Amino acid sequence: MSQHPSQEAWILGQDLSCEQHFDSRQRRYRFVLLGPPGVGKGTQAKLLCDRIGTCHLSTGDLFRASQCLDEKSPAMAAALEAMRQGQLVSDDVVMAMIRERANCLRCGGGFVLDGVPRTLAQAESLEVTLSEIQVELDAVISYEMPLEEIVARLGGRRTCASCKAVYHVTANPPQVKDICDHCGDKLIHREDDQPETIRVRMQAYTEATQPVAQFYAERGALIPIDAHGEPEAIVERTLTALKSHLAVEAL
Ligand code: AMP
């Protein structure tokens, strides 16, 4: 799978732009995805981006990529330690990284923002940042599933170290144990998918992130989506709900 130019712009930061890759005559959309860790949000983000031809901007991917940097600022080192323990990275660090990447938010190609906002403070700060650059969100999609189902899912999740494809030891195993079907690299059990870390992440979600859905519901932007079923069925469900919310026939 070739890397979308937007991923480079997003991961590496402000000096890159990929706007030239998009046809400016075509309407592009700006969505935020919400949902507990393990609900399948990352998979849905990729499928949705493929279907509507826009960029997947994930803060989790950003922090994981930063783990490979030789030099890390003290703020980034603290952020990565928080991530390793399943805790949320501080709002200041997250929002500074988002503001550094305002190019991606104002890009004519639109975006699917995945993993942020995760606290009310981030939601409020994102609202300010977007209004400063005169960008409006088209909708906030919230994937929903009971938390106990998700804990079982996360414990069995395996991720490709190279291409980031996601598997599950029972529900979606690779053809060869621990080897990625797509690129042949080794599958890893992400540090933040270990049982103790999952417990901490769920608590962080319940306390900090659930109020974010309410924040967007009050603005009439929230679209709840049942996250059960095959990924393709969920993306169809999402597209149907988006078309109805936006009152458009196609996306
Ligand atoms: P994710 O892949 O979205 O589940 O993110 C992985 C980890 O990165 C989370 O468990 C947090 O430690 C950190 N992280 C990502 N996005 C945020 C955010 N918006 N606020 C705080 N921490 C975040």
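Since we're looking at a predicted model, the values are computed, not measured. Along the sequence shown, residues carry numbers from 1. One-based numbering, in listed order, for ligands and for the atoms of each.
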Any nitrogen or oxygen of [X] lying under 3.5 Å from a nitrogen or oxygen in ligand 1? Just yes or no.
| X | result |
| --- | --- |
| Arg201 | yes |
| Val89 | yes |
| Gln122 | yes |

Provide the number and element of each atom of ligand 1 under 4.0 Å from a heavy atom of [X].
| X | result |
| --- | --- |
| Gln87 | 11 (C), 12 (O) |
| Val116 | 19 (N) |
| Gly115 | 16 (N), 17 (C), 18 (C), 19 (N) |
| Arg64 | 2 (O), 6 (C) |

Okay, side chain of [X], backbone of [Y]: is any donor-acceptor separation there less than 3.5 Å?
| X | Y | answer |
| --- | --- | --- |
| Gln122 | Val116 | no |
| Thr54 | Gly109 | yes |
| Arg201 | Leu88 | no |

Over 12 non-hydrogen atoms of neighbours within 6.0 angstrom of CD in Glu218: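 It does: Glu218 CD has more than 12 such atoms within range.
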
If you count heavy atoms of other groups shown closer than 6.0 angstrom to NZ of Lys186, is the number above 12?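 Atom NZ in Lys186 is not packed in, count stays at 12 or less.
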
Within the structure, is a non-hydrogen atom of Arg190 found at a distance of less than 4.0 Å from ligand 1?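 Yes.
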
Minimum distance, heavy atoms only, to atom 1 (P) of ligand 1: which one of Met83, Arg118, Arg84 is it?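 Among Met83, Arg118, Arg84, the closest heavy atom to atom 1 (P) of ligand 1 belongs to Arg118.
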
